[in-house]
Amino acid sequence: MRYSRYFIPTLKEDPSDAEVISHKLMIRAGMIRKLTSGIYTYLPLGLRVLKKVENIIREEMNRAGAIEILMPSVQPKELWEESGRWSFYGKELLRFKDRLGRDYCYGPTHEEVVTDIVRNHIKSYRELPINLYQIQTKFRDEIRPRFGVMRSREFIMKDGYSFDIDEKSAEESYHKMYVAYCKIFERCGLDFRAVEADTGAIGGNFSHEFMVMADTGEDTILLCDKCSYSANREKAQVGEKISSINTEEPLERLEKINTPDMKSIEEVSNYLKVSPLKTAKTLIYMIDSVFHMVILRGDREGNEIKIKNAVNGNEIRPATEEEIENLLKLPVGFMGPYNVSGLKVIADISLKGLKNFVTGANEKDYHFINANFDRDIKVDFFADISNAVDGDPCPRCEEGKLYSKKGIEVGHIFKLGTKYSKSMNATYLNEKGEEVLIVMGCYGIGVGRTVAAAIEQNHDKDGIVFPEPIAPFKYIIVPTNINDSEIKETAFKLYDIITQKGHEVIIDDRDERPGVKFKDADLIGIPYRITVGNTYKKDGKIEYVRRKDKTSLLYTFEEVINHI
RNA sequence: CGGGGCGUAGCGCAGCUUGGUAGCGCACCUGCCUUGGGAGCAGGGAGUCGGAGGUUCAAAUCCUCUCGCCCCGACCA
């Protein structure tokens, strides 16, 4: 490729609307341009990288026995009503009508379509298992798109779906994908970790997220410092040791204290001079249209997903202030799990065994001190319902403590079970002729996000440092002065030979000064730069520079060719 | 959806307070010169000042509405 005939609009300055480094560099290196919020064009350089990642994914998926297909991005409402997600999916689902007024959506994922295909054409246990995947444009109307292609609304995703005769076989399919994903991200040059995750809107009962370690990541993951436990914050469990069960403190007398206008834990604990560790805060959640009371230790944050799961609920939202006032007949801020009938009370395990704590008295301007479980307060059950934080005990091992890191979710695999095969009636006939539900799994990779994550992890002050397997070109040949015929001819001779050897190479044949070419070569992150210039004119040496660490070697023409 | 910020040439920005008819750097075009880390000189092209309405003799500037983009939040009472 000749640079002068290609299209790489690089920028000297950072774009004003980019925040994270990968976004800035992708714009500056001429890889992408924004069309509108969360919607991007891939320019030639960006597209080459995207295709590199796609091909790695394709190779590993095929190697793992998956089969590529291509499904439509526009999908009819009827399919989504069958699965129940037309109403469940919410505003993220982009919906529209055709000229006849029929409803459609732009696919954010493809469980419905692929299940429809399989139920229509797979009838026998002999045809299973099967794993179908595609690489395709998706649309999710994100609340707040940001960070360029890292969290965009339109994006390219590899989504795959496995279909098995039973749980055991499904687990094997899942494991194959787990292994394939590890290979894919290794080949992309990423430092990643597979962590346990919640299943979210996709649904199902078991999943792993593939997280790329990066400080700018939007997700927090918790890792054990002793064992291999790791999970994202939504899912991360807290070890039982968080409880205060072993204190030998005697029970004090319950007292009601006037706490005028003291509503927050901060206000109350300051006013009463009590650590938030010895307070309980009370929240009301609406879970599947039923109010639930949730109590947490004053220092802990509730985790809605865990709370929801603790009561096997589907939908959860905090009660509004108005609802609380109607329900308990008191202003918010003084609630407590005291004398509440008809409300299920769930307590976080951090509270288990806590003695003589402060809690709302269910009376305006009053809190209790020295409240104790059983004697004063009844809870229905204790559960792990708060967010794990740094220093929390590990849920898996005896000794370990959790610590947190930021990550970017580049892949997510789920065991779906029969969630979709049941609602959409996808069955096969077993060897006894019985109709049995197909057991499914689904597997996604954000392709563009993987590119962004790779840049997030591989850059320096001069620009992108592409890992070789996903670099848009392996070599860039820089003739320092294109008007010098000796330099020019040598450079082009090299270019022809390297191209013939089957390598991807771009030659910077622009009539620019050397500095400009060096800067651009660094910015766009080509792994090796071959410079033909002064050293060649002087003593026939060609410079071979590795982008990663700028190490430089001097070769004769023949040596360069042999080296490549 | 709530709060904040910003929309002026392809990109990055100044001008707006105090209204007087648009400017800087980069990029682009022409010429000269230069050729190892984003050179220099001279000349040049390019902007409905996001949009609509209003105030005024006069609006990028003041007022109203609107659209877009970015950031923070959207849950712990």
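For clarity, every value in this text was computed on a predicted model and none was experimentally measured. Below, chains carry the letters A, B, ... as their sequence lines are ordered, and counting in each starts from 1.
- At a cut-off of 3.5 Å, with distance as the only test, a side-chain donor of Asn387(A) or Glu301(A) sits close to an acceptor on the other residue.
- Note: CE (Met26(A)) to C1' (C11(B)) measures 19 Å, nearest angstrom.
- In this structure, Lys519(A) places its NZ atom 6 Å from P of G38(B), rounding to the nearest Å.
- At the heavy-atom level, Arg297(A) lies nowhere under 4.0 Å from the strands shown.
- Judged by atom type and distance alone, Glu543(A) reaches the base of G36(B) through a side-chain donor-acceptor pair under 3.5 Å.
- Comment: Lys344(A) does not engage Asp380(A) in a salt bridge, judged by the lack of any side-chain N to carboxylate O separation of less than 4.0 angstrom.
- Taking atom P in both G51(B) and A59(B), one finds a spacing of 15 Å when rounded to whole Å.
- Rounded to whole Å, the C1' atom of C75(B) lies 29 Å from the corresponding atom of C6(B).
- Among all heavy-atom pairs drawn from Asn232(A) and Ala197(A), the shortest one is ND2-CB, 3.8 Å.
- Ile476(A) has its CD1 atom 17 Å from the P atom of G36(B), to the nearest Å.
- Using C1' as the reference atom, C26(B) and G68(B) are 25 Å apart when rounded to the nearest Å.
- You won't find any donor-acceptor pair under 3.5 Å spanning the side chain of Asn534(A) and the base of U35(B), going by distance alone.
- When distances run from any side-chain atom of Asp522(A) to the nucleotides G38(B), G37(B), U35(B), the shortest one goes to G37(B).
- Straight-line distance from the CZ atom of Arg513(A) to the P atom of C32(B): 17 Å, rounded to whole Å.
- Between the side chains of His503(A) and Tyr475(A), no donor-acceptor pair is found at a separation under 3.5 Å.
- One C1' atom belongs to C33(B), the other to C49(B), and the distance between them is 37 Å to the nearest Å.
- The partner of C41(B) is G31(B), by the rule that a Watson-Crick or G-U pair needs both atom distances under 3.5 Å.
- Remark: Arg95(A) does not engage Asp103(A) in a salt bridge, criterion side-chain N to carboxylate O under 4.0 Å.
- Look at the P atom in both G50(B) and G38(B): the space between them is 35 Å, to the nearest Å.
- If you check G73(B) for Watson-Crick or wobble pairing at under 3.5 angstrom, you find it paired to C1(B).
- A ring-centre distance under 6.0 Å is not found for Phe466(A) and Phe473(A).
- Going from the C1' atom of G15(B) to that of G2(B) covers 33 Å, rounded to whole Å.
- For the C1' atoms, the distance from A74(B) to U64(B) is 29 Å, rounded to whole Å.
- Residue Asp14(A) places no side-chain atom within donor-acceptor reach of the base of G12(B), judged by atom type and a 3.5 Å distance cut-off alone.
- Between Ile8(A) atom CD1 and A27(B) atom C1' there is a gap of 16 Å when expressed in whole angstrom units.
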Assign a letter to each nucleotide of nucleotides 66-77 of chain B from its 5' end: B, base within under 4.0 Å of a protein heavy atom; S, sugar-phosphate only; -, no contact.
--SSSBB-BBBB
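- Nucleotide U64(B) forms a Watson-Crick or G-U wobble pair with A52(B), both donor-acceptor distances falling under 3.5 Å.
- Checking G38(B), C11(B), U35(B) against the side-chain heavy atoms of Asp511(A) singles out U35(B) as nearest.
- If you check every strand for non-hydrogen atoms under 4.0 Å, Asp462(A) touches nothing.
- Nucleotides U18(B) and A22(B) place their P atoms 22 Å apart, quoted to the nearest Å.
- A donor and an acceptor atom, one from each side chain of Thr220(A) and Lys405(A), are nowhere located under 3.5 Å apart.
- When ring centroids are compared, Phe334(A) and Tyr366(A) stay outside the 6.0 Å threshold.
- Straight-line distance from the CG atom of Leu11(A) to the P atom of C13(B): 11 Å, rounded to whole Å.
- At the heavy-atom level, Asp484(A) lies nowhere under 4.0 Å from the strands shown.
- Residue-level contact check: Arg529(A) touches the bases, meaning some heavy atom is under 4.0 Å from a base atom.
- A27(B) atom C1' lies 12 Å from atom CZ of Arg510(A), rounded to whole Å.
- Neither OP1 nor OP2 of G37(B) sits under 4.0 Å from any side-chain N or O of Lys517(A).
- Distance Phe518(A) CZ to U35(B) P: 15 Å, rounded to the nearest Å.
- A salt bridge links Asp299(A) to Arg297(A): at least one charged side-chain nitrogen sits closer than 4.0 Å to a carboxylate oxygen.
- Nucleotide C24(B) has G12(B) as its partner under the Watson-Crick or G-U criteria, with both atom distances under 3.5 Å.
- When both pairing distances are held under 3.5 Å, G47(B) makes no Watson-Crick or G-U pair with any nucleotide shown.
- Salt bridge present: Lys550(A) and Asp522(A) bring a charged side-chain N and a carboxylate O closer than 4.0 Å.
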